[in-house]
Amino acid sequence: MMTVITEYIAKQPQEHQQQLIKLYRLLKTVLPNAEERLSYGMPAFFQPKAVLYFGANQHHIGIYPTSEGIAFLSAELADYQTTKGSWHVAYDKPLPEQLIINLAQHRLTVVQQG
């Protein structure tokens, strides 16, 4: 069954889809009760507020956990390109699964605490 996020992934360049699918499946495992949406033109997981967004870019996947999420993992993200609210994961590098899991779990806790 296609979801708004799997439809988004299917529209991305073929060479980027494998990493995007891995990320999607990982986030679905960590956030099984989250609502999937497209928000700001990007896939997003809400529970009930936005937990995190991600998007396909030309050379990387952008993961957008808000500035709070970036600050929470600032030491672990030191080897990655980041901005105040985004984390860039290059398509040609393995997905840092444990970091993504930690970030998603943290963001879920923050969102649910209000």
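The structure presented is a predicted model; accordingly, all values stated were derived computationally and were not measured. Here, residue 1 is the first one in the sequence, and each next residue gets the next number.
In this structure, Leu20 and Ala56 approach most closely via the heavy-atom pair CD1-CB, 3.9 Å. Nearest heavy-atom pair, Asn57 versus Gly55, reported as atom, atom and distance to 0.1 Å: ND2-O, 3.4 Å. Considering every non-hydrogen atom in both Thr83 and His88, the closest pair reads CG2-NE2, 4.3 Å. The two residues Leu95 and Val89 have their closest heavy-atom pair at CD2-CG1, 4.0 Å. Of all heavy-atom pairs spanning Gln17 and Ala10, the tightest one is NE2-O, 3.3 Å. Here the closest heavy-atom approach between residue Val51 and residue Leu108 is recorded as CG1-N, 3.8 Å.
With Arg107 contributing its side chain and Ala50 its backbone, the two residues share a donor-acceptor pair below 3.5 Å.
Tyr91 and His16 have parallel rings, their planes meeting at less than 30° on a 0 to 90° scale where 60° marks the start of perpendicular.
Note that CD1 of Ile70 and CZ of Phe72 are 12.0 Å apart. Values are rounded to the nearest 0.5 Å. For the atom pair Glu97 CD and Leu23 CG, the distance stands at 9.5 Å (nearest 0.5 Å).
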Original post:
His106 and Glu68: side-chain contact (heavy atoms from CB on, under 4.5 Å), yes or no, with the steps?
Top reply: CA-CA 10 Å; His106 168 74; Glu68 183 279 328; 2.5 Å; yes

Original post:
Is there a side-chain contact (heavy atoms from CB on, under 4.5 Å) between Ile5 and Glu36 once you walk through the steps?
Top reply: CA-CA 7 Å; Ile5 295 179; Glu36 296 181 30; 3.6 Å; yes

Original post:
Which is it for Phe46 and Tyr53 under the side-chain contact (heavy atoms from CB on, under 4.5 Å) test, yes or no, and what are the steps along the way?
Top reply: CA-CA 9 Å; Phe46 280 72; Tyr53 304 78; 4.0 Å; yes

**OP:** Step by step, work out the side-chain contact (heavy atoms from CB on, under 4.5 Å) result for Leu27 and Tyr24.
**Re:** CA-CA 5 Å; Leu27 291 172; Tyr24 171 69; 5.9 Å; no

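Atom NZ of Lys93 sits in a sparse spot, with 12 or fewer heavy atoms from other residues, nucleotides or ligands closer than 6.0 Å. Environment of CD in Glu15: crowded, with over 12 heavy atoms of neighbouring residues, nucleotides or ligands closer than 6.0 Å.
Considering only residues two or more places apart in sequence or on other chains, Tyr8 meets the ring pair (Phe, Tyr, Trp, His ring centres under 6.0 Å) condition with none of them. Partners of Lys22 under the side chain to side chain donor-acceptor pair (under 3.5 Å) rule, at least two apart in sequence or in another chain, do not exist in this structure.
Residue pairs meeting the side chain to side chain donor-acceptor pair (under 3.5 Å) criterion with at least one member in residues 70-79, sequence neighbours excluded, do not occur.
Note on Leu52 and Tyr64: separate hydrophobic clusters, where clusters join Ile, Leu, Val, Met, Phe, Trp and Tyr whose side-chain heavy atoms are under 4.5 Å apart, directly or indirectly.
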